[in-house]
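For ligands, and for the atoms within them, numbers begin at 1 and follow the listed sequence. For this chain, numbers begin at 1 and follow the sequence in order.
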Amino acid sequence: MKKSPLPCLNTAEDLQQWRKSNSDSGAPFLVPTMGALHEGHLALVRRARKLAGKRPVVVSIFVNPKQFAAGEDLERYPQLIDSDLKLLKDLGDDAPDAVFAPSAEAIYPDGFTTTISPGALGDILCGHSRPKHFDGVCTVVAILFRMTACTDAIFGEKDYQQAQIIKAMSRDLQLDVEIHTAPTVRESDGLAMSSRNQFLSDEQRQQAAGLYATLQEVQRRVQGGKTNAAALRAWAEEELQSDSIKVDYVSIVDAHSLEQVKRAKPGDVCAVSAFLGTTRLIDNLRL
Ligand code: AMP
């Protein structure tokens, strides 16, 4: 075990002070999260630790109001800072060097007016049903990059579209932050871990495993030569649709451009979003 205690920084000043006293160890490696941490987040931290070498790893915990629309689940989004800090500290040698957990005012002070928009990439897939969601994501991530002065950051493939959008933003705005990704961590029945899974009733939790099972079947079909994307999508939608699962979208897209394909091929991404009751879950699989 190393390092005690784990500093939890709340303001830009705290962060600056911390950066000054750690300036010898190099530029930070950032792991942005909204907290309510689970194994998926912890896997990102472990990977960051490995990639960062002796450089400091910073985990940010911030439930970003700008990426929630009115009527979405901002109010009920779990905020569990004490248990998050314990989970991170318990990583021992893989623990981060600091946590940055700012208030909304520290990120968006009075008079804040700027928005960063990813353009067309942010209008498709999740952006279609959550307009402006990725504007909120890009805006906060750019601020976090700037505040931490990180040169590397890591994002989960669970939010595949988000990772692609952040890569494009970092490239287009010449932010000089290398974007790394890490595979989706799943429960034993295949459900992608998510801070929102705790909203599911027992019955919904069981049904939610169907998302990954359906993605796997699409993968099997493509690998078996069934490549008609419209037919695959229609099959998957029908498979998922039930009284309590409302499909938001099933899409098969090119892994880089995120454009819908007509003929699916190995390497494309099948992405799905569905509501179980009022809880919206997403998942995806490289075919
Ligand atoms: P969130 O706290 O949901 O905003 O997620 C913070 C980061 O963790 C994002 O880069 C997500 O893609 C990533 N993440 C969330 N769930 C998982 C998972 N099950 N496996 C891997 N990464 C994940």
(message) Between D202 and R205 (salt bridge meaning N to carboxylate O under 4.0 Å), is one present in this structure?
(response) no

(request) Could you tell me whether ligand 1 has any atom less than 4.0 Å away from a heavy atom of H38? (result) yes

(message) Contact between ligand 1 and P183 is defined here as a heavy atom of the residue under 4.0 Å from a ligand atom; is it met?
(response) yes

Got an N/O contact under 3.5 Å between [X] and ligand 1?
X	result
V185	yes
A192	no
H41	yes
M34	yes
S195	no
G156	yes

Heavy-atom distances under 4.0 Å decide this one: backbone, side chain, both or neither, for [X] against ligand 1?
X	value
A163	neither
V31	neither
R186	neither
S194	neither

[X] side chain to [Y] side chain, donor-acceptor N/O pair below 3.5 angstrom:
X	Y	value
R196	T279	no
H180	D152	yes
N64	Q67	yes
R19	T148	no

Which of the atoms of ligand 1 are close to [X], meaning less than 4.0 Å from one of its heavy atoms?
X	value
M193	16 (N), 17 (C), 18 (C), 19 (N)
F155	10 (O)
G40	18 (C), 20 (N), 21 (C), 22 (N)

(request) Grab the two heavy atoms, one from W235 and one from V218, that are nearest each other, plus how far apart they are. (result) CZ3-CG2, 4.0 Å

(request) Starting at CE of M147, measure out to CD1 of I107 and round the result to the nearest 0.5 Å. (result) 4.5 Å

(request) Starting at NZ of K50, measure out to CD1 of I154 and round the result to the nearest 0.5 Å. (result) 11.0 Å

(request) Report yes if some heavy atom in the side chain of V269 is under 4.5 Å from a heavy atom in the side chain of I252; otherwise report no. (result) no

(request) Would you indicate whether the side-chain heavy atoms of C138 and I165 approach each other to under 4.5 Å? (result) yes

Please report which non-hydrogen protein atom sits nearest to [atom], along with the residue it belongs to and the distance in Å to one decimal place.
atom	value
atom 11 (C) of ligand 1	D159 OD2, 3.1 Å
atom 13 (C) of ligand 1	L44 CD1, 3.6 Å
atom 6 (C) of ligand 1	P32 O, 3.4 Å

(message) Over 60° means perpendicular and under 30° means parallel, so tell me whether Y108 and F62 are parallel, tilted or perpendicular.
(response) tilted

